Amino acid sequence: MLTLKYIEENAALVVERLKVKHFDAAAIVQQIQEANQQRKETQARVDALKAEMNRLSNEIGQLFKEKKMDEANRAKMKTVELKDEIKALDTTFADTEAKLNELVVQLPNLPHQLVPEGRTAEDNLEIRSGGIIPQLPEGKKPHWDLIQQYDIIDFELGTKLTGAGFPVYKGKGAKLQRALISFFLDEGEKAGFLEVQPPILVNEDSGFGTGQLPDKEGQMYHATADNLYLVPTAEVPVTNMYRDVILSEDQLPVKNMAYTPCFRREAGSWGAHVRGLNRLHQFDKVEIVEIAHPDHSYEILDSMVAHVENLISKLELPYRIIRLCGGDMSFTSAMTYDFEVYSAAQERWLEVSSVSNFETYQANRLKCRYKGKDMKKPELAHTLNGSALALPRIVAAILENNQSPEGIRIPKVLVPYCGFELIS
RNA sequence: GGAGAGAUGGCAGAGUGGUCGAUUGCGGCGGUCUUGAAAACCGUUGACCGUGCGAGCGGUCCGGGGGUUCGAAUCCCUCUCUCUCCGCCA
């Protein structure tokens with residue numbers, strides 16, 4: 001969420017910038033200003049009353065010590081009325097703060113200056129592309145057919161065990177998963193990321209910290225008996241490691257990565273275009289997360305983009321990097337790059353990574369701050385994250401692009417991890 | 001799952017109704033001494049909100065929430081978590 005202070009000082013700018021996201025903030029901002037004014041006035045009054053109360057209490061204590069019981073009792077009488085007033089005002093104050101908070105969380109993050117105008121994916125800006133789109137022979141097959149042909153992933157079996165969208169990987173299919181995860185983690189380590197293995201069930205506080213709650217509750221699987229949520233991405237546990245933390249400036253940037261399975265309910269988003277591996281309820285992903293100094297977060301965003309690009313290049317997949325337009329960006333992001341790889345049998349671009357700078361938006365909710373030696377107060381840090389990478393669509397593209405009558409060729413970098421060169 | 005103990009500032013650890021945001025030690029920061037460093041000594045050392053140009057002033061915070069009281073770190077209720085012993089177990 002945006003900070004109150006920022007909204008207060010830049011009300012017009014907030015409204016203006018959010019137009020890029022096609023969000024009309026005028027009414028909410030005005031309500032925030034009013035509620036904030038009320039909050040301040042209420043606090044001034046209640047603080048004055050409390051100060052008076054504290055003064056009286058001390059006085060009474062003093063009188064008791066001096067055994068002046070009559071005077072003490074007289075002073076006590078004066079506190080009765082004060083107490084009621086304070087109680088009433090405290091309630092008003094709490095209500096106002098709650099209302100204020102409710103309003104503030106409705107505002108999305110401000111897009112960065114470089115974010116293009118636009119409403120839909122059509123308006124996104126291609127930054128660059130790489131790799132070569134393969135010319136497949138007649139009779140090319142989409143990955144769901146190849147999967148069956150080589151018996152490496154079993155969707156029906158997963159349906160039997162759990163339900164649609166929970167595939168069972170078998171044999172070389174399973175090994176390929178393991179190879180990709182190891183490859184991604186090893187590359188991440190070379191790039192300076194510290195590997196962590198977080199829990200894949202998180203509590204409510206963590207859900208709120210990264211913004212999945214309260215709005216996107218329906219996206220997560222909920223273990224109600226213990227009130228825990230299955231993570232939709234490692235972003236949730238990894239970023240929440242820094243909830244309520246004040247880092248020292250020289251610890252920045254913090255670079256973490258984690259492999260986790262990810263669970264998404266994806267309610268109501270099924271259809272022909274999500275066949276096979278294109279969309280699943282459970283999938284594997286390596287996520288990179290950085291906590292950055294505000295002055296350097298965009299350099300870091302670029303370095304994360306470079307890291308992801310390096311992974312895709314090494315996998316020999318044709319890709320393009322896209323800067324999302326205002327309308328296509330997430331609620332919480334200030335700038336997002338999507339990576340898409342070309343899946344040559346479906347003849348479609350598939351999103352395999354999304355790399356974002358949230359600036360202070362997440363950090364404010366998380367209360368993730370840093371403090372330098374010369375700083376009087378801690379300041380909010382910037383948080384960034386990205387997929388590096390999500391497996392299923394990478395697998396889909398590898399299968400489709402590398403197919404031949406002899407079988408599916410494994411990209412060179414994965415061969416040492418797989419122990420085979422061909423799925424046949 | 002059963003029984004017991006506990007949760008205090010970056011850490012350790014006092015404090016059981018009255019100027020306690022909290023003794024003390026360690027750590028951190030600044031200084032004296034030193035060619036430099038260590039040691040020693042001196043000083044300093046939390047977060048949040050409001051108010052003020054500012055020095056400052058006021059308020060809140062001793063795991064979370066509620067209560068008793070003029071007054072709560074301290075008493076009561078409740079929730080969460082941690083530790084010890086027993087049971088179970090990868």
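Here is the naming used below: chain letters follow the sequence lines, and residue numbers restart at 1 for every chain. Note that the coordinates shown come from a computational prediction; the quantities given were computed from them, not determined experimentally.
Under the 4.5 Å side-chain criterion, counting only non-hydrogen atoms from C-beta, A/Ile181 is not in contact with A/Tyr417. Looking at A/Lys255 and A/Ile291, their side chains never come closer than 4.5 Å, going by heavy atoms from C-beta outward. Counting heavy atoms from C-beta outward, A/His293 and A/His382 have side chains that stay 4.5 Å or more apart.
Residue A/Lys76 places none of its side-chain N or O atoms closer than 4.0 Å to OP1 or OP2 of B/U69. The shortest distance between the side-chain N/O atoms of A/Lys377 and the OP1/OP2 oxygens of B/G46 is not below 4.0 Å. Side-chain N/O atoms of A/Arg39 include one lying less than 4.0 angstrom from OP1 or OP2 on B/G50.
Separation of the P atoms belonging to B/G64 and B/A7 is 13 Å when rounded to the nearest angstrom. Nucleotides B/A38 and B/A5 place their P atoms 47 Å apart, quoted to the nearest Å. Rounded to whole Å, the P atom of B/U24 lies 24 Å from the corresponding atom of B/G31. B/A73 and B/G66: their P atoms are spaced 15 Å apart (whole Å). Rounded to whole Å, the C1' atom of B/G17 lies 12 Å from the corresponding atom of B/U68. Spacing between B/C62 and B/U16 at atom C1', rounded to whole Å, works out to 14 Å. The P atoms of B/G2 and B/C20 are separated by 44 Å, rounded to the nearest whole Å. B/G6 sits 16 Å from B/U74 when the C1' atoms are compared, rounded to a whole Å.
Using a 30° and 60° split on the angle between ring planes, A/Phe331 and A/Phe23 fall in the perpendicular class, above 60°. The aromatic rings of A/Phe193 and A/His307 sit tilted, their planes meeting at an angle between 30° and 60°.
Along RNA chain B, the nucleotide nearest to A/Lys87 and the one nearest to A/Lys371 differ in position, and the one closer to the 5' end is contacted by A/Lys371.
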Protein-nucleic acid N or O pairs under 3.5 Å, nucleotides 17-19 of chain B:
| from | atom 1 | to | atom 2 | distance (Å) |
| --- | --- | --- | --- | --- |
| B/G18 | N2 | A/Ser57 | O | 3.0 |

Any protein N or O atoms within reach of nucleotides 57-64 of chain B? Criterion: under 3.5 Å, listing atom names and distances.
| from | atom 1 | to | atom 2 | distance (Å) |
| --- | --- | --- | --- | --- |
| B/G58 | N2 | A/Asp47 | OD2 | 2.9 |
| B/G59 | OP1 | A/Asn54 | ND2 | 3.0 |
| B/G59 | O2' | A/Asp47 | OD1 | 2.9 |

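Atom pair A/Ile86:CD1 and B/U69:P shows a separation of 15 Å (rounding to whole Å applied). The distance between atom CG of A/Asp90 and atom C1' of B/G50, rounded to the nearest whole Å, is 14 Å. With rounding to whole Å, A/Asp244 atom CG is found 17 Å from B/C81 atom P. Straight-line distance from the NZ atom of A/Lys376 to the P atom of B/A47: 11 Å, rounded to whole Å. Regarding A/Leu4, its CG atom lies at a distance of 13 Å from the C1' atom of B/C48, rounded to whole Å. Protein atom CD1 of A/Ile246 is 8 Å distant from nucleotide atom C1' of B/G46, rounded to whole Å. Rounding to whole angstrom units, CG of residue A/Leu82 and P of B/U69 are separated by 16 Å. Atom CD in A/Glu204 sits roughly 17 Å away from atom P in B/C79 (whole-Å rounding).
Summarising the local packing, CZ of A/Arg45 is surrounded by 12 or fewer heavy atoms from other residues, nucleotides or ligands at distances under 6.0 Å. Within a 6.0 Å sphere centred on CD of A/Glu102, other residues, nucleotides and ligands contribute 12 heavy atoms or fewer. The number of heavy atoms from other shown groups lying within 6.0 Å of CD (A/Glu9) is above 12.
A/Lys5 comes within 4.0 angstrom of nothing in the nucleic acid, heavy atoms only. Among the atoms of the strands shown, only primed sugar atoms or phosphate atoms (P, OP1, OP2) are found under 4.0 Å from some heavy atom of A/Arg369.
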Could you write out RNA chain B as a dot-bracket string, with dots for unpaired bases, | for bases paired across to another strand, and Watson-Crick or G-U pairs counted at under 3.5 Å? ((((((((.[[[..)..(.....]]]((((((.......))))))((((((....)))))).[[[[[..)....]]]]])))))))....
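Annotation for A/Arg409 and A/Asn402: closest pair O-ND2, 2.9 Å, computed over non-hydrogen atoms. A/Gln212 and A/Pro232 get closest at one heavy-atom pair: CG-CG, 4.1 Å.
For the pair A/Lys285 and A/Tyr259, the cation does not sit on the ring face, since its NZ or CZ is not both under 6.0 Å from the ring centre and inside 45° of the axis.
For the side chain to side chain contact (heavy atoms under 4.5 Å, CB included) with A/Leu201, the lone residue among A/Leu230, A/Val231, A/Asp226 that qualifies is A/Leu230.
Of the N and O atoms on the side chains of A/Asn240 and A/Arg243, at least one donor lies less than 3.5 Å from an acceptor on the other residue.
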